Amino acid sequence: MIQNSELILNPDGSVYHLNLLPEHIAHDIIFVGDQNRVEKITQFFDSIQYSTQKREFKTQTGIYKGKRISVMSTGIGPDNIDIVLNELDALVNIDLKTREPKETLTSLNIIRIGTSGSLQADIPVDSFVMSKFGLGLDNMLRSYLIDEVSNPAIEDAFVMHTNWDIRKGRPYAIPCSEKLEKIIESDKIFKGITATAGGFYGPQGRVLRLNIQDEELNNKMDNFNFNDNRITNLEMETAAIYGLSALLGHNALSLNAIIANRATGTFSDDPYKAVDELITYTLNKLAAK
């Protein structure tokens, strides 16, 4: 039996941070970072069956073209993903009354929809990027046993290419779900490696008043290539989502609307349009599967 201190429940029996019961979520779930972006997706739903929020974790579940879908905000960063993925898994794969893992496990389909800046000049603003791999620079997933799901070849190549300081922890590389990749992909979507940083400023090469450990890291990342997989963008969640989903037996895919290009210094004229187009594209793919 899982102890009370390890799986914390609210007085109503819901999981502690997400404030959800098993019946509140669908098996197809869309992640967003910002809680205000949840309704930017559910505005397209035919109906909303359930809505709740606790802290930065907002969830709405409803129906889109006959498909039951949940939309959830995760907040920012790998540490929040650790909370969200473990509690979502508990909702479907642990009996919350007996506190025992279920004999028959459920696999969720999780798609992250985000915005990002491209690191490559040929990936223009207003385009879509699918993360073929998540490259974690944050070290969170190293708290788990990840050898069976990680790609050491990419990790070794990245460490060598960037002369990575191992005192920051060894990067980890996790592939996306092949199942979701086949459902969502099109010839209009760029694919590559999404790097996941553990912070917004220094970890992503931004300098305000503090010097950073490697001023050239972003330039090294720009020209990293592993078997024709380049680092397309840099954000703060994808690798953690891929890693925990793979470990727990869920399918995960990360999509980004590119609203800025750091290589060319350009920014989208209408970033909201690009995001809405990615949202409707993803919803229609999910509804048709």
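Here, residue 1 is the first one in the sequence, and each next residue gets the next number. Bear in mind the structure is a predicted one, so any value in this text is a computation, not a measurement.
- Here the side chains of F31 and L85 are in contact, with some heavy-atom distance below 4.5 Å.
- In this structure, Y201 places its OH atom where only 12 or fewer heavy-atom neighbours from other residues, nucleotides or ligands lie under 6.0 Å away.
- Within a 6.0 Å radius of NZ in K102, more than 12 heavy atoms belonging to other residues, nucleotides or ligands are found.
- Side-chain contact annotation: R167 with Q213, donor-acceptor N/O pair under 3.5 Å absent.
- The heavy-atom pair separating G243 from L141 by the smallest distance is CA-CD2, 3.5 Å.
- A donor atom on one side chain and an acceptor atom on the other are found under 3.5 Å apart for T196 and E235.
- Between the side chain of S150 and the main chain of I146, a donor-acceptor pair closer than 3.5 Å is present.
- Applying the side chain to side chain contact (heavy atoms under 4.5 Å, CB included) test between I30 and each of T42, I41, N109 identifies I41 as the sole match.
- E155 contributes a side-chain N or O that, together with a main-chain N or O of A173, makes up a donor-acceptor pair within less than 3.5 Å.
- For the pair R112/I81, no side-chain contact is recorded, criterion being any heavy-atom separation below 4.5 Å from C-beta on.
- Look at R99 and E6 and you find no salt bridge, because none of the NZ, NE, NH1 or NH2 atoms lies under 4.0 Å from a carboxylate O.
- Side-chain N/O atoms of K65 and N284 include a donor and acceptor closer than 3.5 Å.
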Verdict with reasoning, S131 to T194, per side chain to side chain donor-acceptor pair (under 3.5 Å) = CA-CA 5 Å; S131 306; T194 293; 2.5 Å; yes
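- In this structure, T61 contributes its side chain and H24 its backbone to a donor-acceptor pair below 3.5 Å.
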Chi angles and distances behind the side chain to side chain donor-acceptor pair (under 3.5 Å) call for N229, K191 = CA-CA 8 Å; N229 287 297; K191 293 184 183 180; over 6 Å; no
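- Between the side chains of N80 and T74, not a single donor N or O lies within less than 3.5 Å of an accepting N or O.
- Judged purely by distance below 3.5 Å, without hydrogens or angles, the side chains of N223 and N219 never pair a donor atom with an acceptor atom.
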Begin with the C-alpha distance, continue with both residues' side-chain angles, and end with the deciding distance and a verdict on side chain to side chain donor-acceptor pair (under 3.5 Å) for Y172 and N139.
-> CA-CA 8 Å; Y172 59 90; N139 218 33; over 6 Å; no
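- Both the sub-6.0 Å distance and the 45° axial angle are satisfied by K54 relative to the ring of Y16.
- Within the 4.5 Å cutoff, no side-chain heavy atoms of L208 are placed close to those of L210.
- Ring centroids of F158 and F224 are separated by less than 6.0 Å, placing the two rings close together.
- In this structure, F128 and S186 have side chains that are not in contact, with every pair of non-hydrogen atoms separated by 4.5 Å or more.
- At a cut-off of 3.5 Å, with distance as the only test, no side-chain donor of H161 or N225 sits close to an acceptor on the other residue.
- With 3.5 Å as the limit, one finds no donor-acceptor pair spanning the side chains of R262 and N233.
- T52 contributes no side-chain N or O that, together with a main-chain N or O of T59, makes up a donor-acceptor pair within less than 3.5 Å.
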